[in-house]
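Predicted model, so just to flag it, every value in this text is computed and none were measured.
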Amino acid sequence: MVFPRWVPWLRGRRVPPWVPLTPTVLGSALMIGYSATLPWQFAADLSEPGGEDVLTPTGVLIGLPLLLAWTFALPVAGWSYYRRTRRPWRGR
């Protein structure tokens, strides 16, 4: 949990927990928000099919489960990292 040698000015110092957690929290919020809109987007594309649809039925059947798995895995990984790197309580 220290910066590698090739990072100038920070090499050998401890990585603050907020450095990897900030993009994890922001990415998780964006993924959850986007995943919540997918059913409506897919229904709209099926009701009005066109030649340039972004969400094809095949793309949804393959991509949607992967996207949903990533949507759940990213916050779980962030929470795991937070629990592993947090400072211990003095009363424990």
Do Leu10 and Val19 land in one hydrophobic cluster if side-chain heavy atoms of ILVMFWY residues count as linked below 4.5 Å?
yes
Taken in chain and number order and not counting sequence neighbours, the residues that satisfy side chain to side chain donor-acceptor pair (under 3.5 Å) with Thr24 are none
Shared hydrophobic cluster, Leu68 / Met31 (ILVMFWY, side-chain heavy atoms < 4.5 Å)
yes
Running the 4.5 Å side-chain criterion over Ile, Leu, Val, Met, Phe, Trp and Tyr, what cluster does Leu30 land in, apart from itself?
none
Partners meeting side-chain contact (heavy atoms from CB on, under 4.5 Å) with Pro75 (sequence neighbours left out):
Ser28
Tightest non-hydrogen contact, residues Pro16 and Pro20, listed as O-CD, 3.4 Å
List in chain and number order the residues that pass side-chain contact (heavy atoms from CB on, under 4.5 Å) with Thr37, two or more places apart in sequence or in another chain; answer none if no residue qualifies.
Tyr34, Gln41
So do the side chains of Val7 and Pro4 get within less than 4.5 Å of each other, counting heavy atoms only?
yes
Filter on ring-ring contact (aromatic ring centres under 6.0 Å, His included), then keep only pairs touching residues 1-25, sequence neighbours left out; what's left?
none
side-chain contact (heavy atoms from CB on, under 4.5 Å) involving Val76 - partner list, sequence neighbours excluded:
none
Joint hydrophobic cluster, Val15 plus Leu21, side-chain heavy atoms closer than 4.5 Å:
no
Residues in side-chain contact (heavy atoms from CB on, under 4.5 Å) contact with Arg84, at least two apart in sequence or another chain
Met1, Tyr81
Scan residues 68-80 for pairs that pass side-chain hydrogen bond (donor to acceptor under 3.5 Å, both in side chains), counting only residues two or more places apart or in two chains.
Ser35-Thr71
